[in-house]
Each structure stands twice: as C-alpha cells, then as structure tokens.
Amino acid sequence: MSLMRAIRLAPQAQRCLASSTRFFAAPVLARPQEAKNQTPVLSAGLGAPLGKRNAGVSVLGCAIAMVAVGGCAQGIGQLFAALVVGMARNPSMKEDLFTYTLIGMGFLEFLAIVVILIAGLLLYSE
C-alpha cells in the first residue's frame, strides 16, 4: 500500500523539486543579461538614484507624525481628569477651573491641527 503511494507521488515530488530549483536558479542566471540592458543612472548624495521616488519613507514619516495626535488626545483626557479632581477639591472654583481647562484644550487642539498639517506635508512631499 505504501509502496504504491510512493510510486504515485514520485513524479509530483520530482516536479516540485524541479520548480523549486528553477525558482532559486532563475534570478542568478538572469542577472548578467539584465546588466547589459541597463542604462547608467545618475546618483546624488549617498548614491541614491535621482529618478527614484521614496514613497514609503513619506508614508512612514506621516505615520510617525500622527502618533502625536494620540498624545494630544491623551493630554485632553488628562486635562479633563484634572478638572474633575479640581472641582471635587474646591467646588467654588468651578467656573475658573473650567475656563482654564478650555484654554488648555484650545492649545492642545491647535497642536493636533499643526501635527495633522505637518503629517500631510510629509505624506505628499517628494
């Protein structure tokens, strides 16, 4: 039974082995031909080609900048938590504390808007 299965699977194993060998050997064999067909590319700075656009780097920079928006949200949460604690300790200062909280929230919202604008600038820059 197992001998019949082995005989039946032998041609499939050979095809699989041949295709995996082709997969690993094909790029190595294709490199000398590609080198003949390539035109020289001018480089600037640290050897980067002039015509190449690094889109992935701009997306990464935008994502890193957007982390600051999460920091602004955390700051707003801490601001209102401090407002609640302050009103619990001294209820007579309720209006003043709320005014200071709104001023702080305005600063944090301004920071979030600036961060979003810089992230957009990073995303669409070349």
Side-chain angles (χ1 to χ4, degrees):
M1 185 80 164
S2 63
L3 181 62
M4 292 297 290
R5 184 179 298 160
I7 292 171
R8 192 171 22 158
L9 293 177
Q12 292 175 356
Q14 287 176 352
R15 277 189 302 224
C16 188
L17 180 62
S19 65
S20 65
T21 306
R22 233 179 310 146
F23 174 71
F24 289 118
V28 176
L29 296 175
R31 284 186 188 155
Q33 294 170 354
E34 291 174 4
K36 293 177 187 175
N37 296 335
Q38 287 183 350
T39 58
V41 178
L42 298 174
S43 63
L46 299 172
L50 285 175
K52 184 177 179 185
R53 183 174 183 270
N54 297 322
V57 177
S58 64
V59 171
L60 185 63
C62 176
I64 291 171
M66 290 302 287
V67 171
V69 175
C72 292
Q74 182 182 6
I76 291 172
Q78 287 181 351
L79 194 66
F80 279 100
L83 172 68
V84 170
V85 169
M87 286 196 309
R89 287 184 180 204
N90 194 355
S92 64
M93 294 270 306
K94 182 178 179 181
E95 291 83 16
D96 293 334
L97 290 174
F98 191 69
T99 302
Y100 298 146
T101 301
L102 289 181
I103 291 171
M105 187 176 164
F107 283 126
L108 284 170
E109 287 293 326
F110 174 72
L111 179 65
I113 290 170
V114 168
V115 165
I116 290 171
L117 290 176
I118 290 175
L121 181 73
L122 287 171
L123 183 63
Y124 295 110
S125 65
E126 285 193 30

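Heavy-atom basis, side chains included; hydrogens, waters and symmetry copies ignored. This is a predicted model, so every value here is computed, not measured.
- The heavy-atom pair separating V69 from A112 by the smallest distance is CG2-O, 4.4 Å.
- When all heavy atoms of L108 and G75 are compared, the closest pair comes out as CD1-C, 3.5 Å.
- For the pair I113/L117, a side-chain contact is recorded, criterion being any heavy-atom separation below 4.5 Å from C-beta on.
- The structure places CG of L83 at 10.0 Å from OG1 of T99, a figure rounded to the nearest 0.5 Å.
- Within the model, atoms CG of L97 and CZ of R89 stand 11.5 Å from one another, a figure rounded to the nearest 0.5 Å.
- Distance check: M87 CE to D96 CG gives 12.0 Å after rounding to the nearest 0.5 Å.
- Between L123 and V59 the shortest heavy-atom distance is CD1-CG2, 3.8 Å.
- Nearest heavy atoms, A119 versus C62: O-SG, 3.5 Å.
- Tracing side-chain contacts under 4.5 Å through hydrophobic residues (I, L, V, M, F, W, Y), one never reaches F110 starting from M105; they form parts of separate clusters.
- Under a hydrophobic clustering in which Ile, Leu, Val, Met, Phe, Trp and Tyr are joined whenever their side-chain heavy atoms come within less than 4.5 Å, directly or via other members, V114 and I76 fall into different clusters.
- Across P91 and A88, no two heavy atoms sit closer than the pair CD-O, 4.3 Å.
- In this structure, L102 and F98 have side chains that are in contact, with non-hydrogen atoms separated by less than 4.5 Å.
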